[in-house]
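Structure first, commentary second.
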2 protein chains.
Amino acid sequence: MKYSKQREIILAIVKESDKHPTAEEVYMEARKRLPSISLGTVYRNLHILVELGMIKQIKGLDEKDRFDKTLKDHGHLLCTVCHKVYDADDVLIDTLKDNIEKESGFVTQSYNIVVTGICHTCMKERRYENEFTRN
Amino acid sequence: MKYSKQREIILAIVKESDKHPTAEEVYMEARKRLPSISLGTVYRNLHILVELGMIKQIKGLDEKDRFDKTLKDHGHLLCTVCHKVYDADDVLIDTLKDNIEKESGFVTQSYNIVVTGICHTCMKERRYENEFTRN
DNA sequence: ATTCTTGCAAAGAGTTTGCATAATA
DNA sequence: TATTATGCAAACTCTTTGCAAGAAT
């Protein structure tokens, strides 16, 4: 594999971000640092980095694939009020995994866990009213 | 809302299936019963049925949306060997939900849990060798 | 008669890919 | 020089939507 400035930038952006960015978001940030970069290159390199195990890919958070600097498998909590994505406590997920293995003899390779709801902060500040009265 | 033969058929297909069918799969089956039915109608009605709470939509199992006759939120176990989709034990998932709420004050509205691995049957029959030696 | 639903085809979003050019080794 | 990566645009997959025609109330 040959070095490329583009790949270095793309890796740096994901590693710097706390926001589980989409390919499009990585592309937008990358263009600030290297205006000539193309979206295709971003997609290609994100997948290479996933293959190399340097970043992780998250599916099912919303319609778009997202990319994550954290390598360990972990769940995500998506707040429907502030739209922030929180990382779920590893321990809880590990417990689930162990229980599934014990219960059904299913050997886990990976998991994709997205819990949608209202985060502690939004609950505390009562920002949720609209959510519950919407329908 | 007005009755339509198409909607009746689409609902019946999802309710009969144990396979968490995609829209395309529902469409294929529907055409056997009503050859003139269109894919757009299948998509439209699947979403109406989801809105009405008569079926559930599953995201993140693979690239395509899938539809589920089971109304209660539940996780899915996807076997990478036989590609079957198993329903996860409700109790395990409820425990996870409770733990997340206790731990982080996050109020769960819904969840999307997909655990990928090797099912008990494939393990027992040692059909997994290729999986582990592939890379 | 009015309203809802359909089939069709076009458009949309997100992602992947073919190809000639450019950069790396 | 040989190989890998790039930018661009076209293609691809899955899904949604506009519209005129058809079916249900």
Side-chain angles (χ1 to χ4, degrees), chain A residues 1-14 17 19-52 54-68 76 78 83 85 112 114, chain B residues 1-14 17 19-52 54-68 76 78 83 85 112 114:
Chain A
M1 162 160 301
K2 285 178 182 170
Y3 169 84
S4 90
K5 187 77 187 164
Q6 285 85 343
R7 184 151 52 233
E8 181 178 49
I9 288 173
I10 290 163
L11 175 60
I13 289 169
V14 176
S17 174
K19 292 185 149 170
H20 314 82
T22 61
E24 188 72 33
E25 286 165 351
V26 172
Y27 172 58
M28 288 309 182
E29 177 59 35
R31 286 219 303 191
K32 294 184 194 162
R33 309 187 193 183
L34 187 67
S36 64
I37 201 170
S38 75
L39 184 56
T41 295
V42 171
Y43 273 103
R44 262 187 301 240
N45 278 294
L46 284 169
H47 290 130
I48 289 169
L49 293 168
V50 169
E51 284 293 308
L52 292 173
M54 301 179 80
I55 61 177
K56 293 222 48 152
Q57 185 167 10
I58 319 171
K59 289 172 178 286
L61 251 182
D62 49 26
E63 299 317 299
K64 304 162 202 165
D65 287 356
R66 292 175 172 271
F67 297 87
D68 196 331
H76 293 98
L78 174 63
H83 301 286
V85 177
N112 182 4
V114 178
Chain B
M1 160 161 301
K2 284 178 183 167
Y3 169 84
S4 89
K5 187 78 189 161
Q6 286 85 343
R7 185 150 51 232
E8 181 178 48
I9 288 173
I10 290 163
L11 176 60
I13 289 169
V14 176
S17 174
K19 292 185 150 170
H20 313 83
T22 61
E24 188 72 32
E25 287 164 351
V26 172
Y27 172 59
M28 289 308 183
E29 178 58 33
R31 287 219 302 190
K32 294 185 194 162
R33 308 186 193 183
L34 187 68
S36 64
I37 201 171
S38 76
L39 184 57
T41 295
V42 171
Y43 272 103
R44 262 186 301 238
N45 278 295
L46 284 169
H47 289 130
I48 289 170
L49 293 169
V50 169
E51 284 295 307
L52 292 175
M54 303 180 79
I55 61 175
K56 294 223 43 152
Q57 183 167 12
I58 319 170
K59 290 174 177 284
L61 251 181
D62 49 26
E63 299 318 299
K64 303 160 202 165
D65 287 355
R66 291 174 172 271
F67 297 87
D68 196 332
H76 292 98
L78 173 64
H83 301 287
V85 178
N112 181 4
V114 177

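FYI, side chains are in, hydrogens and waters are out, and symmetry mates aren't considered; it's all heavy atoms of this structure. Proteins come first, then strands; the chains are lettered A, B, ... in the order of their sequence lines, and each starts at number 1.
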For this session: Ignoring backbone atoms, establish whether B:Ser4 has a side-chain N or O less than 4.0 Å from OP1 or OP2 of C:dT6.
Result: yes
Exercise. Do the side-chain N or O atoms of B:Ser36 get closer than 4.0 angstrom to the phosphate oxygens (OP1, OP2) of C:dG7?
Worked result: yes
Exercise. Quick one: B:Leu34 CG to C:dC8 P, roughly how many Å, whole number?
Worked result: 11 Å
Exercise. For B:Ile55, which of B:Asp68, B:Leu11, B:Asn45 qualifies under side-chain contact (heavy atoms from CB on, under 4.5 Å)?
Worked result: B:Leu11
Problem set entry | Evaluation steps, side chain to side chain contact (heavy atoms under 4.5 Å, CB included), between B:Ile10 and B:Arg7 | CA-CA 5 Å; B:Ile10 290 163; B:Arg7 185 150 51 232; 5.7 Å; no
Problem set entry | Pair B:Met1-B:Ile48, side chain to side chain contact (heavy atoms under 4.5 Å, CB included): steps then yes or no | CA-CA 10 Å; B:Met1 160 161 301; B:Ile48 289 170; 3.7 Å; yes
Problem set entry | Between P of D:dT15 and CD of B:Glu25, the distance in whole Å | 11 Å
For this session: Please determine, by modelled atom types, if A:Arg31 and A:Tyr27 share a side-chain donor-acceptor pair under 3.5 angstrom.
Result: yes
Seminar exercise, completed: B/S/- along nucleotides 14-20 of chain C (protein heavy atoms under 4.0 Å) is SBBBB--
Problem set entry | Spacing of B:Tyr27 atom OH relative to D:dT13 atom P, expressed in whole Å | 16 Å
Problem set entry | Side chains of B:Gln6 and B:Leu34 in contact at under 4.5 Å (non-hydrogen atoms) | yes
Problem set entry | Verdict with supporting geometry, A:Lys64 and A:Glu25, salt bridge (Lys or Arg N to Asp or Glu O under 4.0 Å) | CA-CA 11 Å; A:Lys64 304 162 202 165; A:Glu25 286 165 351; over 6 Å; no
Problem set entry | Those residues of residues 5-12 of chain A lying under 4.0 Å from DNA chain D by at least one heavy atom | A:Gln6, A:Arg7
Exercise. Whole-Å distance between C:dC8 P and B:Ile37 CD1?
Worked result: 11 Å
For this session: Nearest whole angstrom, please: distance from the C1' of D:dT6 to the CG of A:Leu46.
Result: 15 Å
Exercise. Going by heavy atoms in the side chains, are B:Asp62 and B:Leu78 under 4.5 Å from each other?
Worked result: no
Exercise. What nucleotide, of D:dG7, C:dG7, D:dT25, holds the atom closest to the side chain of B:Tyr3?
Worked result: D:dT25
Exercise. Could you state the CG-P distance from B:Asp62 to D:dC14, rounded to the nearest angstrom?
Worked result: 9 Å
Exercise. Under 3.5 Å, side chain of A:Asn112 to main-chain N/O of A:Lys59, donor-acceptor pair present?
Worked result: yes
Seminar exercise, completed: Taken to the nearest whole Å, CD1/B:Ile48 to P/D:dT16 is 12 Å
Exercise. Taking it one step at a time, do A:Val50 and A:Phe67 satisfy side chain to side chain contact (heavy atoms under 4.5 Å, CB included)?
Worked result: CA-CA 9 Å; A:Val50 169; A:Phe67 297 87; 4.0 Å; yes
